[in-house]
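A short write-up of the structure that comes next.
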Number of protein chains: 2
Amino acid sequence: MDDSGDKPRSSRSTGSARLTDVARVAGVAPMTVSRALNRPELVSESTRLRVQRAVLETGYVPNRVAGALASSRSRLVALLVPTVAHSLFAEVVQTVMGALSSQGYQVLLGLVGYTPEQEETILETVLSRRPDGIVLTGCRHSALTRQRLKAAEVPLVEIWDMTDDPLDMLVGFSHEAVGRAVAEHLLSRGYRRFGIISADDSRAKLRVAGFVSGLESAGIGEYQLREVGTPSSMPWGREKSAELLDRHALDAIVCSSDILALGVLSEAQSRGLTVPGQLAIMGFGDSSYAAASFPALSTVRIDGAAIGLRAAEHLLQRMAQPTFERAGQVLDVGFEIVDRDTT
Amino acid sequence: MDDSGDKPRSSRSTGSARLTDVARVAGVAPMTVSRALNRPELVSESTRLRVQRAVLETGYVPNRVAGALASSRSRLVALLVPTVAHSLFAEVVQTVMGALSSQGYQVLLGLVGYTPEQEETILETVLSRRPDGIVLTGCRHSALTRQRLKAAEVPLVEIWDMTDDPLDMLVGFSHEAVGRAVAEHLLSRGYRRFGIISADDSRAKLRVAGFVSGLESAGIGEYQLREVGTPSSMPWGREKSAELLDRHALDAIVCSSDILALGVLSEAQSRGLTVPGQLAIMGFGDSSYAAASFPALSTVRIDGAAIGLRAAEHLLQRMAQPTFERAGQVLDVGFEIVDRDTT
DNA sequence: ATTTTCGATGATAGCGCAATCATATCGGCG
DNA sequence: CGCCGATATGATTGCGCTATCATCGAAAAT
């Protein structure tokens, strides 16, 4: 007889227990169950325990879809990165998710590749989930993307790049500065005839631009540039460096990623070139295998974990106090030239 | 005067355009706008165009939170992997997301580490989003996890492991078989005195068990085992191999991941041991850098992309026809011993 | 001409939850 | 003793959308 008062569940119902079911079992109002679960400090100890028991008894799993609609808080953060098949971004994903999940947020991951068009498409569907915050890789967005982000008025952190004019918050580093620093480093080592192998991606190109401007500051106007598609890979590095070495007398090759540099290293070894004696090689990223190659790869270390962590912190702060305006906050985490055995 | 009939938006409203706003601008009923956007084949061409214009004019972004609540379809798939900071799982994430996003699904990523407890916690919050499908790494789940998954009645694919008794669908390979195959391979090469360095993770332990059983089949009962914590890293490999080599005369060391093997390789080189002459080394995973090490690392290739792709395909099929029962479907994608220069 | 069919559109009613305000209870205090 | 404020709980309403059924006009069938 204990369900004699129940209306039959509508045909649209999902079948699993709802808040009202828990409430009936616990002998309280639905609202009290909601509070017991979300704001336990507002209910008495005894009620909280009764609700807890009722939850176990009914096997209730809260429906956060409904909760999000009712409260306009999704507890969801969108994280948009080009790829996870690259240890640097994987590290960012790992740390961002660690920091956010400890605060009860879940992550909606979007892989946007390296083109603004993909970013635009993915952002649209992401915004339709009404995330409470967004972490976005890069600062170069399409006009539509910028407009949508502004209209959404959602806390936002751009990462992995640098600009004076962020959409909201920014945690990253200057790719141009990286390029210039690499140029200075290699010039100080005495290298003069440079090859460059770069991925066809806007941030890699910025680093190349910085590198070239560094060369020009030293009066060097000549260099050989080859572009490769994404994703970068060892074979790309081998192929392009073979092309470069066949046609030009070079004493150093600079790569837009460690994996390309490893390919160059293979090519050099297959040609019997001593490294760095006859050919110096420079990578980017300081991936876990950079130190493991033989000879150990000189590279540029980017602290992806720091970027992810600070980005998450900034976002959490803003999501906790949405009124406190701190737009325009910019953090440059820098980088470090790691001088191993290939330069 | 054109808003004279509007009720003021309630204080709970979010401020952005809703379906009814688009409907008013387009001069149709809200339901027609919903259809024009989600089932365009059900509305006339002219209505569809008017709605399209109204959407642009209002800057409407659909609210899929509300849509999901109303339709009981979230268009969300939960993807639970131990970590993305490991190229094998990154590859899975990459391919699963590629396949799902092309069909309009978004991915809720969960990083569950290597313990059933974490999986349990994360699964609970994941289920509260009412995903349309779940991809779960591994087949060993806590009782509560199994119970919740069964109660949720959501299409599910377990990956990266093998069992006769999957919860629903399964795409993976047998870790024990990997271990046995590695044992046979090394035994056929003549190695007899083995060290094992394994991560403290249940699937790695299965591979160890398979390896040991392979040794025992050959009448070898002695071997040296060291466990390391997660995440595996080169320093762990170096440290544990140093310990092993100090105390035991070994002619081969088997590792539960390529990154550990690379550490072992460094240690061997630092001791002036020839590889594989004085010490053979075996990795697992065939990470991108395995072929790049010097000497190139012998390892076990797992086709993470194939696993991700097939898992996504199975899931899409089931989500499209939820009535068509195919529970119990199991796909073994196998593995391959990659015999490079360290064995 | 009348009925049937079908495509297109609209009206209504929830989906499951939390914001909000109303109500009840209780001890402390003038 | 009655009033006040704090604390605990409940009733109501609506978040924005889609399932469902009703309606309506026009073409097709009788």
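Order of the sequence lines fixes the chain letters, A, B, ..., with proteins taken first and strands second; residue numbering starts at 1 for each chain. On a predicted model such as this, the values are computed, not experimentally measured, just so you know.
- Counting any heavy atom pair closer than 4.0 Å across all strands shown, A:Leu19 reaches sugar-phosphate atoms only and no base atom.
- Expressed to the nearest 0.5 Å, how far OG1 of A:Thr83 lies from CD of B:Gln94 amounts to 3.5 Å.
- Between B:Tyr60 and A:Val28, the one whose closest nucleotide on DNA chain D sits nearer the 5' end is A:Val28.
- Relative to the side chain of B:Ser71, the nucleotides C:dG16, D:dA19, D:dT9 differ in distance, and D:dA19 lies closest.
- If you take CG on B:Leu108 and CG on A:Leu76, they are separated by 6.0 Å, rounding to the nearest 0.5 Å.
- The side chain of A:Ser34 approaches C:dA18 more closely than any other nucleotide in the set D:dT20, C:dA18, C:dC15.
- Phosphate proximity of D:dA8 to A:Ser44: absent, as no side-chain N or O sits under 4.0 Å from OP1 or OP2.
- A:Leu37 has its CG atom 12 Å from the C1' atom of C:dA18, to the nearest Å.
- Under the 3.5 Å distance criterion, with hydrogens and angles disregarded, no donor-acceptor pair is assigned to the side chains of A:Ser142 and A:Glu119.
- Dashed line: the shortest gap from a side-chain N or O of B:Thr47 to OP1 or OP2 of C:dT9 is under 4.0 Å.
- Within the 4.0 Å cut-off from OP1 or OP2 of D:dC15, not a single side-chain nitrogen or oxygen of B:Asn63 is found.
- Taking atom CZ of residue A:Arg50 and atom P of nucleotide D:dT9, one finds them 8 Å apart after rounding to whole Å.
- If you measure from atom CG of A:Leu42 to atom C1' of D:dT7, you get 10 Å, rounded to the nearest angstrom.
- Rounding to whole angstrom units, CG of residue B:Asn38 and C1' of D:dA19 are separated by 12 Å.
- Within 4.0 Å (heavy atoms only), B:Arg35 reaches at least one base atom of the nucleic acid.
- In this structure, B:Arg39 places its CZ atom 11 Å from C1' of D:dA19, rounding to the nearest Å.
- Note: CE (B:Met31) to C1' (C:dG14) measures 13 Å, nearest angstrom.
- Residue order along DNA chain C, read from the 5' end via each residue's closest nucleotide, puts A:Ala66 first among A:Arg73 and A:Ala66.
- When rounded to the nearest whole Å, the span between CZ of B:Arg24 and P of C:dG10 equals 15 Å.
- Under 4.0 angstrom from either OP1 or OP2 of D:dT9 there lies no side-chain N or O belonging to A:Thr32.
- Closest to the B:Ala29 side chain, of the nucleotides C:dA18, D:dA11, C:dA11, is C:dA11.
- Here the CZ atom belonging to B:Arg18 is positioned 7.5 Å from the CZ atom belonging to B:Arg24, to the nearest 0.5 angstrom.
- Rounded to whole angstrom, the span from the CZ atom of B:Arg130 across to the C1' atom of C:dC15 amounts to 11 Å.
- Classification of A:Arg146 and A:Asp165 as a salt-bridged pair holds, one side-chain N sitting under 4.0 Å from a carboxylate O.
- Using a 4.0 Å heavy-atom criterion, one finds that A:Val65 contacts no nucleic acid atom at all.
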